[in-house]
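What you see is a predicted model; the values in this text were computed from it and never measured. Heavy atoms only: backbone and side chains are in, while hydrogens, waters and symmetry mates are out.
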Amino acid sequence: MRKVFRIFLFILALLCFFPLPVLAADYTVFYRHPFSSNYILPGTEPDVVIGDRILSASRGLELFASRGEYESTTLAIYNPVDGQLLDNVRVSVDKLTSGVNRIGPDKIDIRVIKVLDVRRTYNKLSDGLYESPEVLIPYTADYLTAGEFDLPAGKTKQWWLTVKIDQSTPAGTYQGAVKIKPANADLKTIPIK
């Protein structure tokens, strides 16, 4: 009996020094047209209906482009108030395929949108500031270490996806999946066409 108790204490001591990872609360993925005047800001919640349609990514993302063009879309991630920090959120698309034809990840640019405080007018400081999505940040070491891809509880971040179509890309409907993976939460996927 003492041996079992000692093993229990040993395991308990190990857990104190090496705690098990705790997954963050469930997060929600939603979207809005990239050029919508209804901005997605850090306080935007996914159940809001403004103007165009219900903000939901369950149907997937759809784009249209001709050869030699590029097209963009966005998605947003909401971390609920009862969640914990979503650490180092990565968004990726492996490839888009249409039969044997493919658009590789080198033709898909993904960036996070940084919201800045912008002056309302340039001649009067007393007019104050407003939040505006302004900067597209790439996945580079500088921004990773600065925490640009972390998402605190109760906040929303928006990602910008651009697909570039070469002149030689055969016509067709290309499909794939957008993968969303925080370092401390489960992977989610959204269809993209």
Side-chain angles (χ1 to χ4, degrees), residues 21-36 38-46 55-65 68-80 83-98 101-118 131-166 169 174-193:
V22 177
L23 289 181
D26 197 25
Y27 57 95
T28 303
V29 180
F30 64 103
Y31 76 100
R32 189 175 290 167
H33 190 277
F35 301 111
S36 171
N38 299 315
Y39 296 146
I40 294 177
L41 299 172
T44 302
E45 293 186 20
L55 308 177
S56 166
S58 59
R59 291 185 340 190
L61 303 171
E62 295 183 8
L63 304 102
F64 176 84
E69 293 183 338
Y70 62 90
E71 186 67 24
S72 298
T73 189
T74 66
L75 63 92
I77 299 169
Y78 172 71
N79 188 6
Q84 67 181 35
L85 174 77
L86 290 174
D87 187 36
N88 192 16
V89 180
R90 300 296 297 219
V91 175
S92 62
V93 179
D94 292 337
K95 64 185 176 233
L96 301 173
T97 59
S98 177
N101 301 315
R102 63 175 260 161
I103 299 170
D106 59 318
K107 301 295 180 194
I108 303 167
D109 185 47
I110 303 173
R111 297 174 182 240
V112 73
I113 297 177
K114 183 171 183 149
V115 175
L116 300 178
D117 289 328
V118 178
E131 291 181 317
S132 179
E134 293 287 329
V135 182
L136 298 177
I137 295 177
Y139 286 103
T140 61
D142 294 343
Y143 292 113
L144 286 169
T145 57
E148 292 292 347
F149 308 108
D150 297 343
L151 185 53
K155 297 294 182 184
T156 299
K157 272 198 184 200
Q158 186 177 18
W159 272 258
W160 185 277
L161 288 76
T162 302
V163 179
K164 300 167 187 170
I165 310 299
D166 287 335
T169 303
Y174 290 76
Q175 298 182 39
V178 178
K179 296 177 183 176
I180 299 117
K181 178 64 178 100
N184 60 338
D186 294 332
L187 170 76
K188 289 193 179 190
T189 60
I190 307 169
I192 182 170
K193 179 164 50 169

Fill in: Thr169 vs Tyr174, side-chain contact (heavy atoms from CB on, under 4.5 Å): CA-CA, chis, key distance, verdict
CA-CA 11 Å; Thr169 303; Tyr174 290 76; 3.5 Å; yes
Worksheet item: For Ile113 and Leu136, what are the C-alpha separation, side-chain angles and deciding distance, and is it a side-chain contact (heavy atoms from CB on, under 4.5 Å)?
Response: CA-CA 5 Å; Ile113 297 177; Leu136 298 177; 3.5 Å; yes
Fill in: Stepwise side-chain contact (heavy atoms from CB on, under 4.5 Å) check, Tyr139 with Val91
CA-CA 9 Å; Tyr139 286 103; Val91 175; 3.6 Å; yes
Practice prompt. Show your reasoning for whether side-chain contact (heavy atoms from CB on, under 4.5 Å) applies to Arg90 and Leu144.
Written response: CA-CA 10 Å; Arg90 300 296 297 219; Leu144 286 169; 3.6 Å; yes
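One distance of note links NZ of Lys193 with CD of Gln175; it measures 5.5 Å at 0.5 Å rounding. Note: Ile137 CD1 to Lys157 NZ = 7.0 Å, rounded to the nearest 0.5 Å. With rounding to the nearest 0.5 Å, the separation of CG in Leu96 from CD1 in Ile165 is 7.5 Å. For the atom pair CD1 (Ile180) and OG1 (Thr189), the distance works out to 7.5 Å, reported to the nearest 0.5 Å. For the atom pair CD (Glu148) and CG (Asn88), the distance works out to 12.0 Å, reported to the nearest 0.5 Å. Note that NZ of Lys107 and CG of Asp166 are 4.0 Å apart. Values are rounded to the nearest 0.5 Å.
Atom NZ of Lys95 has 12 or fewer heavy atoms from other residues, nucleotides or ligands within 6.0 Å.
Judged by distance alone, the side chain of Lys188 and the main-chain N or O of Tyr27 form a donor-acceptor pair under 3.5 Å. Using modelled atom types, no side-chain atom of Tyr39 and backbone atom of Thr44 make a donor-acceptor pair closer than 3.5 Å.
The six-membered or imidazole ring of Phe30 lies away from that of Tyr78, with a centre-to-centre distance of 6.0 Å or more.
The nearest pair of heavy atoms linking Leu85 to Asn184 is O-ND2, 2.7 Å.
Looking only at side-chain heavy atoms (C-beta outward), Pro182 and Val89 come within less than 4.5 Å of each other.
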